[in-house]
Structures are given as structure tokens and as C-alpha cells.
Amino acid sequence: MTIIRNAEIYKPEYLGIKDVLLIGKKIAAINDNISFDISSVEITEIDARGKKLVPGFIDSHVHITGGGGEGGFSSRTPEINLTDLTTAGVTTVVGCLGTDGVSRDVASLLSKARGLDEEGITAYIYTGSYRLPLKTITGEIMKDIMIVDKIIGIGEVAISDHRSSQPTFEEFIRAVADARVAGMLSGKAGIINVHLGDGKRKIDMLKRAVNETEIPITQFLPTHINRNPQLFEECVDYARNGGFIDFTGSEDPDFWEETEGEVSFSKGLKRLIEEGVDENNYTLSSDGQGSMPIFNEKKEFIGIGIGKSSCLIKAMKDCVNKENIPLEKALRAITCNPAKILKLKNKGRIEVEMDADLCLLDKELNIDTVIANGRLMVQDKKPLVHGMFEKI
Ligand code: ZN
């Protein structure tokens, strides 16, 4: 049992200052003052005075087995470590393959997800990679989603990108249909995570799918929607019509805005709020562990780095500090919204009977403490639990 005392709770909606009781892997009670009289039970107390308690983050697009490889074999990025996620506040991760579905496959992705589960957090995966027809574990999209517990959908399927397999509309929509029906039959989201490139066709494929078939707009979760202003504008419209959209975060949003025209999450969210987009329809993910070019101060290319989940909390800070967006609105993108869109049961909210996945933030909104499935993973900004092969 754990009691978190006097935390200012954002569930993500603001709830005020309360105590939270965790029993095992669950949130058991949320109350003004929880008291106990059982001396035989060991209770861990956490003093959260002055800190904000928020749901553990859901990072819904991470290359957990590594990504990249587009600059040759030596540019393949390594697998993610447990503490890369936990120190960034992430307690639930959705893994995916990217450009390379040959030297990495869905079986290794599933194995890595199981490893992260064993190490203490919760992991799901998408089956497939950029390419269509999709490579699966069982040989069929429907079977993968229905039979393999951790598979919640397909992706990231690439469109409007020079690295995409240039699928025909028929190829694309057939894969979408299989994912949808398999999702219905297994109580999963069956979502299609769509990688959007810089190409001029933008979201044409999605618009055709919505206009020409019976498949609802909510079956898709397009990602990298903020990679340029023109694409973002189309995606604002798409979201206004009821579609879900996923921003990709960045460690240095100002730099990327200046050099590549990327729309930062904070500015983009402000726009969505002004446009009256449904507050349930946006998410933010890190594209973590994918390869990322690094530039020096003179903006010269100096090498390849790795995307990190720490961009999520950075985006939250920018929303609050730069754009005056209430924390509860920004938090939705990495808590209750992905949980709902991806049908991740018992995730993304601080409520009784939900999983005990929690983060404590200090006054500057830095991640101080992280609890995953009721277990203390990070405390006083230091990881307490390490992955199997991490140096301690
Ligand atoms: Zn992508």
C-alpha cells in the first residue's frame, strides 16, 4: 500500500488537494484525508505537498526496438531502456516499427514490449511497419489483432512520403477494414496509425477513405501532423470534422520551427482550442528512439541523435509557460485522450479502480516521482528501478 499525501491533483481535470491511496496495482481511494489504524500492514507514505499529481504519461508512438537506419546500417538506433521512459514520466508506451520492417520485425517488437512489461511499465504495439502489404506475426492483420494481446492496431503505415511503399487506395483501405473489424471482434481499438510525410498529397488518402467508404473517421490516428504549417492546417480541418490527430513532440521546438517550419505542440494546441476542436481529439507522442539529425549552433549538421520521450513534459511546460494553456488541457494529449482513442483500459486517469500509474511534478513542472502499476520507479528525479542491462 502507498499513500500519497496532500497532492494537487490533475486527473487530468483539476481536482484540488487530496490524498491518494494505492493498493497493489490500483488506485483504491482519493479523499481529503485518508487515515488508517492497521499497524500490521506496511504503508509507504509519499509527501506530495507543493507538488502536482498527474496521470502517468502515455507515449503512443515509440520505436522501442530502435528505428532509423536510413543512413545505412550504422545509423540504426538502439533499443530503448526502461529509464528512458520512466524518467520522462512515461508509464504506458505503444511501440511501432518504422521505415525498416526487414532487419526488425513485429515478433521482436512484441518481445521488447513484453520485456518492458516485465520491467514494470505497460507496453502495447502496432503490427506492421511503413509498408503495405503489412508484414504481421500470424500472417494476417485480423489474426494479429484478435489473437495477440498486445497488438492494438496497425502502423505506422506511411503515406505522402518518399519512404512510403506508395500503397494504392484499395490496398490501404483493405488493411484499414481488416484492422477495424478485428478491433471490433476483440474489443480493441483496431486503430490505423498513419505516418504522414512531407509530400504534397498530405492527408488525401484519409479524406478519400472517409468520403468514399463506410469506415468512420475515428478509425485513423494520423501522426507527425505538425511537421509543416500546410499539413497542420489540413489536419486542423480534419480534427474539426471529428478526426483524431497526433502531434510529434520535439526537444527543441523553437529550433525546429525556425529551420523546418514545424508547428510546436504548444502553438498547435492553442490553435486547436481557438478553432473549437473537440478536446478529446488530440494526442502527443514522442516518436522516441527514432533517429534525429543534430545541428550545431550554426545550424550545421553534426550527426544523428535519438528522439526522446522527455519532449512530452517539455511540451507541457511550453503550453503553460509560453501559451497560457491550462495544464489540464495540455495533459489530455498524453493521458486520457490516447487512453480513450486506443482503448487502453484503466489508463490515463486518476480515478478509483484505474491503474496506479502516476507522476508527481515539482513547481517548475519537472518530473519528480513516477509510479507505474503501483510501484515506485522514479523518486526525487532519480530512477529506482533499472532495466536488465542498464548501468546502475
Ligand atoms: Zn513516422
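Start at 1 and go down the list; that is how both ligands and their atoms are numbered.
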Metal site angle (apex the Zn ion (ligand 1)), OE1 from E156 and ND1 from H195, 10 degrees: 90°

Check ion pair D19-R5 (N to O, under 4.0 angstrom): yes

Backbone or side-chain N/O/S of D287 under 2.8 Å of the Zn ion (ligand 1): no

Presence of N, O or S from H61 under 2.8 Å of the Zn ion (ligand 1): no

H224 near the Zn ion (ligand 1) via N/O/S, less than 2.8 Å: yes

salt_bridge(E13, R349) N-O dist < 4.0 Å: yes

All pairs passing side-chain hydrogen bond (donor to acceptor under 3.5 Å, both in side chains) where residues 232-246 contributes a residue, at least two apart: K207-E234, T223-D246, E233-R271, D237-R240, R240-E275, D246-T283, D246-S285

Pairs meeting criterion ring-ring contact (aromatic ring centres under 6.0 Å, His included) with involvement of residues 175-205, two or more places apart: Y130-H195, H195-H224

